[in-house]
Amino acid sequence: MKNIITHEGRVVLVTGAAQGIGQAIALALAQRGASVIATDLHMPHETIEKIGSNAVGFELDVTQEENWQAVLRQSKAVGEVDIVVNNAGYFPNRPIDELDLPTWRRTMATNLDAHFLSAKYFLPSMRKKKWGRFIGISSNMVGLSIPGMSHYIASKMGIIGFMRGLANDVANDGITANAILPGLTNTLATAVQSDEQKRATWEQQAIKRLGDPEDITGTVLFLTSDDASFITGQAIVVDGGQYRVG
Ligand SMILES: NC(=O)c1ccc[n+]([C@@H]2O[C@H](COP(=O)([O-])OP(=O)(O)OC[C@H]3O[C@@H](n4cnc5c(N)ncnc54)[C@H](O)[C@@H]3O)[C@@H](O)[C@H]2O)c1
């Protein structure tokens with residue numbers, strides 16, 4: 001089958017790309033012709049090897065501003081970044097009576113500060129090119145009644161709010177900003193859940209199966225393509241029809 005090359009010439013940076021949803025996103029964008037900068041807390045060797053010559057890897061702790069500055073410098077060797085996918089996430093379960101300030105702050109730093117920092121450092125080159133895409137990986141949990149996740153839900157609602165606001169500030173330069181809300185997805189992060197727990201979630205979906213990382217990538221490909229140039233400030237739910245909005 002012929003490859004559909006929707007992202008040829010684009011340079012994309014993906015955070016949390018060593019495994020799970022982030023790795024699937026990096027692979028999918030590479031398949032569509034993008035040059036991929038795969039980043040994670042540790043060098044995402046597996047992702048880079050799977051992609052081959054079209055990928056480079058950098059260590060990027062998304063909570064650390066100096067790390068963003070370093071990756072901005074290092075990324076110039078690949079080219080100016082056109083697309084940023086903020087996927088790295090932190091999601092410990094802590095009922096409100098057990099939630100402490102360090103956990104709250106780490107959740108906000110990982111899930112929310114990162115989006116602001118990526119805009120601060122990668123927006124200028126997008127503005128020059130009059131083209132850019134920001135994708136924030138939020139979660140459908142913002143609409144579910146799952147206990148112990150108040151900090152996480154607050155941060156994931158924050159992503160939706162930031163994308164709405166960012167969309168307004170960058171619209172005149174051909175740049176869009178959108179959030180994607182995956183449902184329960186089969187990754188190492190959710191491997192701790194029993195099959196019964198997972199089934200209890202996916203049975204609430206219209207499409208009755210557990211989501212795979214590859215179920216999330218199509219929406220990323222679309223929103224980061226030219227086809228989606230008139231879509232911005234949106235929150236798109238990708239969960240097999242569990243959470244219905246509107
Ligand atoms: N798996 C799900 O069911 C699900 C559902 C909805 C939303 N999400 C969101 O999707 C994203 C990816 O989830 P996943 O299931 O693939 O998780 P995962 O734990 O498998 O992968 C997350 C990656 O992020 C990296 N990471 C964590 N903290 C980081 C930091 N400070 N800096 C850089 N990288 C960091 C980890 O090293 C890891 O490689 C997260 O934002 C998560 O909230 C996941």
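Counting starts at 1 for both ligands and their atoms, following the listed order. Each residue takes its place number in the sequence, starting with 1.
In this structure, E46 and Q19 have side chains that are not in contact, with every pair of non-hydrogen atoms separated by 4.5 Å or more. You'll find the side chain of M163 reaches within 4.5 Å of the side chain of H115, heavy atoms only.
Taking all atoms of both residues into account, the shortest heavy-atom contact from A154 to M108 is CB-CE, 3.8 Å.
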Assess whether side chain to side chain contact (heavy atoms under 4.5 Å, CB included) is satisfied between I216 and I180, documenting all intermediate values.
-> CA-CA 8 Å; I216 312 303; I180 294 175; 4.2 Å; yes
Step-by-step side chain to side chain contact (heavy atoms under 4.5 Å, CB included) determination, V170 to L123 = CA-CA 8 Å; V170 301; L123 189 53; 3.6 Å; yes
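Using a 4.0 Å heavy-atom criterion, the residues that approach ligand 1 are G16, A18, Q19, G20, I21, D40, L41, L60, D61, V62, T63, N87, A88, G89, F91, T110, I137, S138, S139, Y152, K156, P182, G183, L184, T185, T187, A189, T190.
Judged by distance alone, with hydrogens and angles left aside, the side-chain atoms of N178 form a donor-acceptor pair with the main-chain N or O of Q234 at under 3.5 Å.
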